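Encoded as structure tokens, the structure appears first; notes follow it.
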Amino acid sequence: MWKDSISVLDKRRKRILQAGGPDRIEKQHKSGKLTARERIDMLFDPGTFVEVDNFIESRIDDFGLDKKRVPGDGVVTGYGEIGGRTVFVSSEDFTVIGGSLGEYHSMKIARIQDMAYDMKAPIIMINDSGGARIEEGIDSLSGYANIFLRNTKASGVIPQIAVIVGPCSGGACYSPAICDYIFMVEDIGKMFITGPQVVKTVVNEECTVEQLGGAKVHASKSGVTHFTYKDEQSCFDGVRKLLSYLPGSYLEKPPVRKEKDDTSAKKSLLYSLNNLVRRNRQDPSDRCAELVEIVPDNSRKAYDVLEVVNRVCDQDSFLEVQKEFARNVVVGFGRIGGQSVGIVANQPMVLAGSLDYDASDKAARFIRTCDCYNVPLVVLVDVPAFMPGTAQEHKGIIRHGAKMLYAFSEATVPKISVIMRKAYGGAYIAMNSKNMGADIVYAWPGAEIAVMGAEGAVNIAFKRAISEAENKEETRAQLVQEYKEKFMNPYVAASRGFVTEVIRPDETRKRLAAALKMLKNKQVAPVPKKHGNIPL
């Protein structure tokens with residue numbers, strides 16, 4: 001009796017693992033894609049994944065669907081461990097009815113979303129689907145609604161990560177869009193609301209699928225995706241890395257990365273000596289000593305702020321987010337003394353580091369994500385202005401810039417700013433100024449904090465004096481120097497309490513580490529209201 005029952009179970013399990021069958025699996029591989037289960041094996045710690053609802057299948061018999069039905073209904077759901085921590089997953093299976101979403105397919109995803117929400121653990125949603133299952137009609141559309149509702153409910157509660165490793169079109173795009181982060185694999189990942197044929201029919205515009213919704217387009221133009229990779233292996237490695245900076249939910253603090261304790265190696269004197277030499281060579285304070293060489297004292301000269309970020313953060317710890325989009329601002333996760341931090345920095349190499357509408361959106365979204373998951377914010381300031389011009393005004397720079405102001409004001413995590421050079425006008429306020437709620441504001445000795453640059457201010461304030469002067473250029477230069485000394489140097493701001501301390505550049509990392517340690521137990525009582533109304 002038991003033998004027969006177990007034999008039936010084993011056969012059913014084997015059928016489930018075959019998914020759409022050998023031919024469809026081979027076709028999936030030939031198209032350069034892995035199967036749903038291969039992706040899960042790549043993502044989770046070995047031997048930890050547990051599948052749930054694996055026997056579920058569609059109940060629809062119309063249009064010959066009964067001949068296509070496979071247990072699992074085109075999506076693998078379950079839970080396992082990543083880096084030793086519990087994580088939930090849904091992975092669409094393109095080998096089964098094109099991974100299309102029907103009633104029970106969506107029910108499986110919704111159930112695993114509920115489990116992740118209840119357990120307060122991250123969820124990863126792997127997308128490789130032909131879209132709504134036409135044969136199931138309204139049940140498919142309502143299925144998407146059930147998923148979107150849960151995405152929204154879990155927003156800010158647990159990290160939600162979408163991975164696009166195949167087509168993701170029409171309404172299916174909006175689940176990833178509500179998630180915290182979107183990963184895409186080049187060449188195989190596609191996201192678009194309508195395909196090229198519809199675009200051609202409606203607006204008479206020729207375009208390929210790649211031009212319409214490929215990874216490169218969404219990384220550099222639309223800003224929809226946050227990370228892109230060449231292949232699936234590096235993509236899933238990236239997902240694992242991102243999770244290492246984030247807590248399981250809003251109830252926890254981010255994990256602290258500690259040095260590995262290799263007991264056997266420590267017994268070796270040679271190892272100990274080599275390790276000591278290595279640590280001395282890579283000592284963070286020594287790397288910060290290079291900042292005076294990296295950042296020119298002439299505020300008109302550009303430099304790569306990533307060079308600063310990589311010296312302030314722990315060695316090789318910085319993970320940049322949306323690095324191809326709105327490149328005039330840099331955002332990403334790093335570690336300082338092993339503690340996760342969110343970095344927001346102006347990039348003088350692009351648009352002189354000024355803030356435009358895309359950069360404001362990019363920064364605001366990142367700031368709010370860090371605030372959701374208790375990740376402290378470190379802000380590196382070198383900003384001349386909000387980007388001027390009719391194009392910016394017409395695109396709503398006022399509305400978009402207000403998002404950034406709102407995000408910093410609303411955030412209750414530890415917030416620390418370092419003013420490296422320029423901090424002018426409204427952009428200075430937007431970059432986490434003291435009166436916007438910054439806990440600590442440091443400034444380097446050459447920092448310039450003012451309404452605008454000295455040259456512009458002098459040209460306006462002393463227009464008559466300059467025009468009447470015998471030597472106009474000499475007078476202007478003298479007035480510029482006087483203006484800088486009286487109004488722009490960091491000691492003026494420090495004397496008014498807008499700067500906590502003026503520090504040497506090579507002290508930056510040390511000061512940040514001390515401030516983060518001091519602020520680790522910061523708590524702010526929530527304001528009793530339903531929610532704010534960010535200017536979307």
Side-chain angles (χ1 to χ4, degrees), residues 12-58 68-82 87-102 104-113 115-116 122-133 140 143-144 147 160-169 172 175-176 179 182-185 187-191 229 231-240:
R12 286 180 176 271
R13 283 180 171 177
K14 185 177 180 180
R15 178 67 188 93
I16 291 169
L17 293 176
Q18 290 175 342
D23 292 342
R24 290 189 179 276
I25 290 174
E26 183 182 0
K27 186 177 180 181
Q28 179 86 343
H29 287 158
K30 283 184 177 179
S31 66
K33 300 194 296 181
L34 299 173
T35 66
R37 284 185 169 79
E38 287 171 340
R39 288 162 177 159
I40 287 172
D41 289 342
M42 187 174 285
L43 181 61
F44 284 89
D45 298 347
T48 65
F49 178 68
V50 179
E51 188 172 353
V52 301
D53 288 334
N54 52 343
F55 291 111
I56 282 180
E57 59 184 71
S58 171
K68 302 178 183 178
R69 285 204 308 239
V70 173
D73 203 29
V75 61
V76 180
T77 60
Y79 59 92
E81 294 182 1
I82 295 179
V87 177
F88 291 80
V89 69
S90 66
S91 181
E92 291 181 316
D93 190 344
F94 198 80
T95 71
V96 178
I97 323 177
S100 59
L101 184 139
Y104 280 86
H105 179 120
S106 62
M107 185 183 77
K108 286 183 65 175
I109 295 176
R111 279 187 176 180
I112 208 68
Q113 287 179 287
M115 289 178 70
I123 185 168
I124 299 165
M125 307 179 76
I126 303 173
N127 295 261
D128 185 6
S129 169
R133 191 174 297 163
S140 293
Y144 277 126
I147 293 169
Q160 300 180 85
I161 298 172
V163 185
I164 315 299
V165 282
C168 181
S169 59
S175 174
C179 287
I182 299 175
F183 286 72
M184 291 186 75
V185 176
D187 299 327
I188 64 173
K190 306 288 188 296
M191 289 182 76
Y229 293 89
D231 54 67
E232 294 196 48
Q233 176 69 67
S234 57
C235 179
F236 289 113
D237 287 345
V239 173
R240 289 176 61 94

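As a basis for the values below, the full set of heavy atoms in this structure was taken, side chains included, without hydrogen atoms, waters or symmetry mates. In this chain, numbering begins with 1 at the start of the sequence shown. Because the structure is predicted, anything quoted here is derived from the model rather than measured.
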Evaluation steps, side-chain contact (heavy atoms from CB on, under 4.5 Å), between V163 and C235: CA-CA 8 Å; V163 185; C235 179; 3.8 Å; yes
Within-4.5 Å side-chain heavy-atom neighbours: I164 and K190: no
Approximate separation, where rounding is to 0.5 Å, of S140 OG and L101 CG: 6.0 Å
Gap separating the CD atom of E26 from the CG atom of D23, nearest 0.5 angstrom: 6.5 Å
Partner residues of D45 under the side-chain contact (heavy atoms from CB on, under 4.5 Å) criterion, sequence neighbours left out: T48, E81, R240
Interatomic distance, S91 atom OG to E51 atom CD [nearest 0.5 angstrom]: 10.0 Å
Atom OH of Y79: over 12 foreign heavy atoms under 6.0 Å: no
Salt bridge (Lys or Arg N to Asp or Glu O under 4.0 Å) partners for D128, two or more places apart: K33, R39
V96 and D73, any side-chain heavy atoms less than 4.5 Å apart: no
Partner residues of S100 under the side chain to side chain donor-acceptor pair (under 3.5 Å) criterion, sequence neighbours left out: R133
For D93 against A19, the heavy-atom pair lying closest together: OD2-CB, 3.2 Å
Residue pair V239 / F183: nearest heavy atoms and the distance that separates them: N-CE2, 3.6 Å
side-chain contact (heavy atoms from CB on, under 4.5 Å) evaluation trace for V75 with T77: CA-CA 6 Å; V75 61; T77 60; 4.1 Å; yes
Partner set under salt bridge (Lys or Arg N to Asp or Glu O under 4.0 Å) for R13, not counting sequence neighbours: none
Contacts of E92 that satisfy side chain to side chain donor-acceptor pair (under 3.5 Å) - sequence neighbours left out: H105
Heavy-atom pair of closest approach, residues V185 and V165: CG2-CG1, 3.6 Å
Results of salt bridge (Lys or Arg N to Asp or Glu O under 4.0 Å) for R24 - residues two or more places apart only: none
Reported CD1-to-CE distance for the pair I147 and M107, which is rounded to 0.5 angstrom: 11.5 Å
Residues forming a side-chain contact (heavy atoms from CB on, under 4.5 Å) with E38, sequence neighbours excluded: H29, L34, T35
Check against side-chain contact (heavy atoms from CB on, under 4.5 Å), V52 and I112: CA-CA 8 Å; V52 301; I112 208 68; 3.7 Å; yes
Test side chain to side chain donor-acceptor pair (under 3.5 Å) applied to S175 - qualifying residues, sequence neighbours left out: N151
Ring pair (Phe, Tyr, Trp, His ring centres under 6.0 Å) partners of F236, counting only residues at least two apart: none
Non-neighbouring partners of A162 that pass side-chain contact (heavy atoms from CB on, under 4.5 Å), sequence neighbours left out: N127, P176, C179, I182
Note, S90 side chain near V76 side chain (heavy atom, < 4.5 Å): no
Pairs touching residues 104-113 that satisfy salt bridge (Lys or Arg N to Asp or Glu O under 4.0 Å), sequence neighbours left out: D53-R111
Y104 and E57, any side-chain heavy atoms less than 4.5 Å apart: no
Contacts of type side chain to side chain donor-acceptor pair (under 3.5 Å), residue D41, not counting sequence neighbours: none
Considering all heavy atoms, the nearest L43-I126 contact: CD2-CD1, 4.4 Å
Non-hydrogen side-chain atoms of F94 and P167 separated by less than 4.5 Å: yes
Plane angle bin for F49 and F44 - parallel if under 30°, tilted between 30 and 60°, otherwise perpendicular: tilted
